[in-house]
Each structure stands twice: as structure tokens, then as C-alpha cells.
K.L.:
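Below is the structure I would like to discuss, written out as C-alpha cells.
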Protein chains: 2
Amino acid sequence: MIKGPNLKRLAELAGVTPGTVSRALSGTGRVSDQTRQRIIALAESLEYQPNLLARTMRTRQTHTVGMLVPLGHDTLQHLSDPFFNTMSGFVADELAERGYDLLISRVIPRDNRWIENYANSGRVDGVLIIGQSNQLAVIEATSLRYRPMVVWGGQVSGQNHCAIGSDNRAGGMMAARHLLERGCRNIAFLGPVDGPEFGARLDGVRYALALAGVSQGPQVFSTHYEPAAAFEDALRMLGGLAQMPDGIIGASDVTAISVIRALARLGKSVPGEVKVIGYDGLPLGELVSPALTTIDQQLRLGARLMVETLLRRMAGEATGSKLIEPRLVCREST
Amino acid sequence: MIKGPNLKRLAELAGVTPGTVSRALSGTGRVSDQTRQRIIALAESLEYQPNLLARTMRTRQTHTVGMLVPLGHDTLQHLSDPFFNTMSGFVADELAERGYDLLISRVIPRDNRWIENYANSGRVDGVLIIGQSNQLAVIEATSLRYRPMVVWGGQVSGQNHCAIGSDNRAGGMMAARHLLERGCRNIAFLGPVDGPEFGARLDGVRYALALAGVSQGPQVFSTHYEPAAAFEDALRMLGGLAQMPDGIIGASDVTAISVIRALARLGKSVPGEVKVIGYDGLPLGELVSPALTTIDQQLRLGARLMVETLLRRMAGEATGSKLIEPRLVCREST
DNA sequence: TTGAAAGCGCTACCAC
DNA sequence: GTGGTAGCGCTTTCAA
């Protein structure tokens, strides 16, 4: 590291005390215009760069938000996963606009205090939890004592922790209804069973089918989470079927895209023979061909809400959870 | 923030001095087994969490690496862009494995000292620069004074800064040769002209065509960087053509995927009527359909090399730049 | 083996 | 308006 001058040295050169320099540069407190000018000029000529760490240590404000990704032992969700990627990108964008940095940490929960330990390490002003994995109990318990925390996820009645997320059940219904409208009657639901919102989405699908009087509930196929593995799973499962579904709902966009690939490999046309809808609304879905119809969780909005809410909680405000309305984005795959 | 006990308080409770507690917990320095056991037990029972900031302040080691993304005024590259996304994900993975965190900061270069200012802020042990934008001069100048910095990008003879990147010219040649082998004779190159490695890749393409005796150099089309805009550009440009090329090289995977979409919209089959090859090797390319043939820059390897190299530079070692061999990944689009 | 004390660079408080 | 001074919580000499 190049060692620039520190505040103390600056004070010596200016012939004042550190306190005066601090006030002059920060603009807080009273300093005569003359000395202020002089100090500012000196600081610039010496290319003075304040040590943010020291400042943080005094002010206890890091201007940094931590993004924690708990890795359940079986959840092989890399930081490079498309969903997480997209989310962290949006969050980074939102934070950057507000002058905050993003500290990304992948953590393996070894005890029930991993969140607090992290928060107490003094490196962040607040935390965002993405991907609850199997840590819901810890999150809920932590929320009773640690305020500046916002979680990406759904809400359960009576829950204390602040969550921002989309209405997965409504989204599931929406997806099913869309396929029904498109004429599908033999509908399948495919994705990682242990995935975070799998259950609620499937519930919605089931409910919509029941409402529509489609006796045949969705066939459910469990795949891996990771894209390449999901593709293999889809290929094997769909390939082995006596009768191909005419509509497939992916539990996520990543899954749906894998399904489309598998169908292509099996010689089935999309949306001609099989219609496929995803869930998430990743920008990625727009790029693939056929472009993916999906239930859009509005992740950009979600990221903004998480950041806004977190900053308010950091300021001591009490905030409630928020449910984002999922939206159908109709593209080419249905 | 929940205020746990600090080291001083721990020392009081243990009936020793802070220094002793520090030595006992860090394992450095000599402490009798008995006191060590006692202190460790106490720390655990009180759920003592050291303040990493304070530690950092003394040791001057943050265990954090900064990833800087300079945003040139015209470069509309969000942190949520697929390439950047993928790269940051891989980097985060590699750092996490080595016990380092990743601090992502998007910076708008206002002067020629933005890198040093950031590095001197004391929050990171080293920096990774992704996407040089138009900041090559600053990067090179900084490298003369600031060592722990690694840049994603190519090498020029005489360059001082440490760069990890793939051989774009070789990659361009590889892409062109592949299309030639596939029988293409009317080849186009398409992408953002101001993109970082556009020039070198195009050079390689030109060279390979010349070598093969294809008199007709590639038609070059300039598109936007951002996916949606690139799609519109491709649609307009290709749609207006009297004769459609039989092979298209995208300057990036994102561009190539947009091209495939545009071709589908124009009723052209891929790879039947037009063959398309991308550049990058994003995992994304495997997901789309037809799966994208591409020149793989081996970003995961690149991320690992960047992290390894940076850590070595942080340790004071001198390291050279490294060129990654691009590889042809042949999938369905050619 | 342990204690005492200095200090990382900054801010904040209280005098003057 | 400015100076002096006391820390933030930790590590690391130097003595004892």
C-alpha cells in the first residue's frame, strides 16, 4: 500500500491540531473559512486520503451492507448461480446509488449464531440474507435481537423477521392458469424439491388446476438445482415418459431453460408440442430462444425494496415485510 | 447492533489483561495451558466475537479484496450484466475458499487516482479491476506505485501492470477457422465496437480469413453492449441485408445470443441457414437453445488465476501477467 | 508466563 | 474558532 499522509501529519503541516483538520474536512463543527481553505488545499496537494477504517471505528458506521448466503450442506448453490448473480447485481446497483458498498460473504452455518457473529464483526451496518436454505429458525430467532436485517423470502403469519419477496403461491397459480388458457391439460411441475420456494409455488399450481376442474393434478418431477444436472434430470425424466405433458412449469427460470433444452434434444418443439413457463423473471430468460415465458418476481424492484427497507431499519425505523406481486411475462415459450 | 463483550471486558472477567486474552485466543505468543483453556471457555460461554475492524486496524490486514468496476461515461455496463456477473461470482467463490471476502464497488473515475484512493481507504488488501473501460492509462500509471492489483485484460508488450486474460486475437482466429471449417464463406462480425476486446478479436478473425484465402473480409456490424439493445440492433442490421451471412461471430456471448434471437425472428434457422459462434464461454451459453458454440475464455480458471496472483502480490511476491488459452467449445449453434 | 502501555487513524467532547 | 485529550477494540512490543 502506498502510504499517504494521515490526518495527524496533515495537522502538523498545517500547523493546527488533528481535531481542526477533521472538522475542516468533514464540514461539521465550526472552523474559520480561512483555515478551512488552507487545510483543504493542503489535503488536496498532498492527495490526502482518509482512512475509512479508523473513521468507521469511531463513528461505528461502515457504509457497507453485507450480503449473506447461507450454504446448507446439501445446497450446492454457488455465488455464480444465475439467480443469486442477478440478485446480487441488482442489490449492488441499488446500494451503489446510495453510497453503500456490498460485502458478499458465503457462510456455512455452523451454529445458530452465524448471523449475529457476522453482524457483530463490525464490518457491516446491516445484513441482507439471500437464500434461507434451512436456516429459517436461526433467522427468525436472530430477528428478535438484531434489527438491521432483511431477508429475501416469503412471509408466514406471526413471523417477526422482515422479509421481502414475491407471493409464490399467487405466482404458481398464475403460471398454471396461463398454461390452461393456452390449452394445456396435462401439466407437469419440475424443479428442485428442496429449493426455497418450491412448495408454495407448487401449491399455487395445484390450487389453480383444482379450481379449473382439471382432475389430473400436476405431475411433479424433482430435479437438481444446478443447471447442468437439472438438464440431465429433465432429459432422463421426460425422455422416459409414455406421454409427454403438453405444459411444463419450471420451479425457476434456470430449471425451465434446462427443460427447453431437454425438449429440444428429445425432438419436441416448444411451444408447438410442449409449452414451458419459468419462474423468476431473470433477464436471462429474454435472451434464450425461444424466449422464456415466465412469472416475473420483479427482482430489480425486490432488490430496491430490500435495500430501502434495510437502510430504514439501520436508521432505527420499524418496517414491515413486503410482498411483491408476481407478474406474467409472456414471451415465446408458451 | 447487539453489543457483545469486548476483549477488555473479557479480560476483566477472566482476571487477566487484554494482552493475555489476545494471545490466548489468537494462539500466538506464550500463554499457560491453564489460562488459555479458561479464557477460551469464557469466550465461548459469553459468545465473544472479536471486532474485526479493530483487528484490521492494528494488523492492517482486512482479509478483503475489492473488485472495482470502472464505469466509463458511455459504457452502460451494469453490475448485473451477465459477463460481469459470472466473473464476480467465480471470483467470490475463489476468494471464499481462501477465507477472503469480496467488496464490490462500482466507481466512476473522476480523476486519475481513483484506484489509489480506493486502495488507500484501508478497506481492502488488494484490488481486482474488471473491465478497463477507458482507464488503461490510469491503470498502468497506478501499477507503478501500487502493487497488489490484478487486472482482467490482455497484455501489451512493455506493460507494467499485471493482467490475466485470454488471448483475444488467437480466439478470434479460432472462431473464424471454425466457421470456415463448417463451410461458411460469407462471415460477419458483430458486437460493440467500443467493447474492451473487440479490436483484438476482430483482428484475429481478419487474419484467419486472409490466411484461408477468403478475399471477402468479415462484414462488421456495430451494436450496443446491452442485451436488449443488441437484439434490436441485430434485428435491424441483419434484416436489412440483401444477402444474409452464412456465419456470424459475436464479439461476446451476450451478443451472439441476441443474434440467434434476431435470426429466429427473421425466420432463419440456426445452424441450418446461419451458423453463430459466441465469445466468452459463459455458462449461460449452455442453457440457451440452440446451445451456443463459443470461444471459451475459461472464466473460472481466469478468476482463480486472478485471485491466486493477487494473493501472491499481496504477500509481496512479484508476479507476471498470464495469458489464458481460449478454447473452442462446440455446441449446437454451428 | 503475564502485565503494562503504546498506538493504529480518526472523531468527539470539553475547555478556552 | 481552536486546542487538548480521550477513546473506538484490538495487537504487540517491552518489562517484570
Side-chain angles (χ1 to χ4, degrees), chain A residues 1-40 42-43 46-64 117-125, chain B residues 1-40 42-43 46-64 117-125:
Chain A
M1 194 177 298
I2 324 157
K3 233 178 117 56
N6 60 17
L7 192 142
K8 191 178 160 200
R9 175 91 184 111
L10 210 61
E12 286 171 10
L13 293 174
V16 294
T17 56
T20 306
V21 175
S22 173
R23 275 165 297 183
L25 294 178
S26 70
T28 169
R30 282 159 303 282
V31 183
S32 79
D33 258 11
Q34 199 185 348
T35 25
R36 163 171 291 126
Q37 302 296 356
R38 192 160 48 93
I39 290 173
I40 289 181
L42 188 63
L46 291 180
E47 294 171 332
Y48 166 69
Q49 183 66 17
N51 183 314
L52 295 183
L53 231 56
R55 174 179 295 167
T56 290
M57 198 147 172
R58 280 283 353 202
T59 62
R60 328 238 59 171
Q61 294 226 7
T62 63
H63 277 277
T64 301
N117 283 345
Y118 184 83
N120 282 333
S121 74
R123 293 186 302 171
V124 297
D125 294 338
Chain B
M1 193 177 299
I2 326 155
K3 237 179 112 57
N6 59 17
L7 192 143
K8 191 178 161 199
R9 175 91 185 109
L10 209 63
E12 285 171 9
L13 293 174
V16 294
T17 57
T20 306
V21 175
S22 173
R23 277 166 299 199
L25 295 179
S26 70
T28 170
R30 281 158 302 281
V31 183
S32 77
D33 259 13
Q34 199 185 349
T35 25
R36 162 170 291 123
Q37 302 296 357
R38 191 159 47 91
I39 290 173
I40 289 181
L42 187 64
L46 291 180
E47 292 171 336
Y48 166 69
Q49 183 65 17
N51 182 315
L52 295 185
L53 231 55
R55 175 179 292 167
T56 290
M57 195 146 170
R58 281 283 341 202
T59 62
R60 328 237 57 162
Q61 296 226 5
T62 63
H63 277 278
T64 301
N117 283 347
Y118 184 84
N120 282 334
S121 74
R123 293 185 303 172
V124 297
D125 294 339

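Naming: A, B, ... by sequence-line order, numbering from 1 per chain.
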K.L.:
Find the bend of the helix from C/dT1-D/dA16 to C/dC16-D/dG1 as the angle between its two terminal axes (five pairs each), to the nearest 10°.
P.N.:
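End axes: 40° apart.
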K.L.:
Out of B/N6, B/L10, B/L7, which one pairs with B/P18 under the side-chain contact (heavy atoms from CB on, under 4.5 Å) rule?
P.N.:
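For B/P18, the side-chain contact (heavy atoms from CB on, under 4.5 Å) check succeeds only for B/L7.
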K.L.:
If you look at every strand shown and take non-hydrogen atoms under 4.0 Å, does A/T35 touch a base, only sugar-phosphate, or nothing?
P.N.:
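Sugar-phosphate contact only - A/T35 comes under 4.0 Å of backbone atoms but never of a base.
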K.L.:
Could you tell me the separation between the CD atom of A/Q37 and the P atom of D/dG1, rounded to a whole number of Å?
P.N.:
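Checked: the CD to P distance equals 14 Å.
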K.L.:
Give me the atom names and distance for the closest heavy-atom approach of A/R38 to A/V16.
P.N.:
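What the structure gives for the nearest pair is NH2-CG1, 4.1 Å.
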K.L.:
Working to the nearest 0.5 Å, report the span between CD of A/Q49 and CD of A/E47.
P.N.:
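CD of A/E47 is found 9.5 Å from CD of A/Q49.
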K.L.:
Would you indicate what B/S32 reaches in the nucleic acid, counting non-hydrogen atoms under 4.0 angstrom: base, sugar-phosphate, or nothing?
P.N.:
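B/S32: backbone/sugar contact only, no base atoms under 4.0 Å.
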K.L.:
Can you tell me if A/R60 touches the phosphate of D/dG9, counting only side-chain N or O atoms and a distance under 4.0 Å to OP1 or OP2?
P.N.:
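Yes.
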K.L.:
On DNA chain C, does the nearest nucleotide to B/R58 precede the nearest nucleotide to B/T20 from the 5' side, or the other way round? Give the residue.
P.N.:
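Between the two, 5'-proximity favours B/T20.
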K.L.:
Round to a whole Å and report the spacing from CG of B/L52 to P of D/dG9.
P.N.:
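Computing the B/L52:CG to D/dG9:P distance gives 13 Å.
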K.L.:
D/dT12 P sits how many Å from B/L7 CG, rounded?
P.N.:
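About 12 Å, once rounded to whole Å.
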K.L.:
Which nucleotide in the set C/dT11, D/dG9, C/dT2 lies at the smallest distance from any side-chain heavy atom of B/M57?
P.N.:
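Closest nucleotide among those given: D/dG9.
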K.L.:
Measuring from the side chain of B/S22 (C-beta onward, heavy atoms only), which nucleotide among D/dT12, C/dT2, D/dG3 has the closest atom?
P.N.:
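Closest nucleotide among those given: D/dT12.
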K.L.:
So which atom in B/R123 and which in A/L52 form the shortest heavy-atom distance, rounded to 0.1 Å?
P.N.:
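The pair with the smallest heavy-atom distance is NE-CD1, 3.5 Å.
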K.L.:
Can you tell me the distance, in whole Å, between the CZ atom of A/R23 and the P atom of C/dA12?
P.N.:
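So the two atoms are 11 Å apart, to the nearest Å.
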K.L.:
Just how far, in rounded Å, is C1' of C/dT2 from CZ of B/R36?
P.N.:
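Value for this atom pair: 13 Å.
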K.L.:
Taking only side-chain N and O atoms of B/N6, does any of them lie within less than 4.0 angstrom of OP1 or OP2 on D/dG9?
P.N.:
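Result: yes.
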K.L.:
Below the 4.0 Å mark, does C/dC10 have OP1 or OP2 next to a side-chain nitrogen or oxygen of A/Y48?
P.N.:
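Checking C/dC10 against A/Y48, a side-chain N or O does come within under 4.0 Å of OP1 or OP2.
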K.L.:
Could you state the atom-to-atom distance from CZ of B/R9 to C1' of D/dC8 in whole Å?
P.N.:
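After rounding, the gap between these two atoms is 18 Å.
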K.L.:
Indicate yes or no for a side-chain donor-acceptor contact from B/D125 to the backbone of B/T62 under 3.5 Å, with no hydrogens or angles considered.
P.N.:
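Such a contact is found between B/D125 side chain and B/T62 backbone.
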K.L.:
Between D/dG9, D/dG3, C/dG9, which one does the side chain of A/T17 approach most closely?
P.N.:
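Of all the options, the side chain of A/T17 is nearest to D/dG3.
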K.L.:
To the nearest Å, give me how far apart NZ (A/K8) and C1' (C/dT11) are.
P.N.:
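It works out to 15 Å between those atoms.
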K.L.:
Round to the nearest Å and state the distance from A/N51 atom CG to C/dG9 atom C1'.
P.N.:
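Atom CG in A/N51 sits about 6 Å away from atom C1' in C/dG9.
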K.L.:
Do B/Y48 and B/L42 make a side-chain contact, defined as non-hydrogen atoms from C-beta onward lying under 4.5 Å apart?
P.N.:
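No; the side chains remain at least 4.5 Å from each other.
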K.L.:
Please assess A/R55 against A/N51 for the test side chain to side chain contact (heavy atoms under 4.5 Å, CB included), listing each intermediate value before the final yes or no.
P.N.:
CA-CA 7 Å; A/R55 174 179 295 167; A/N51 183 314; over 6 Å; no
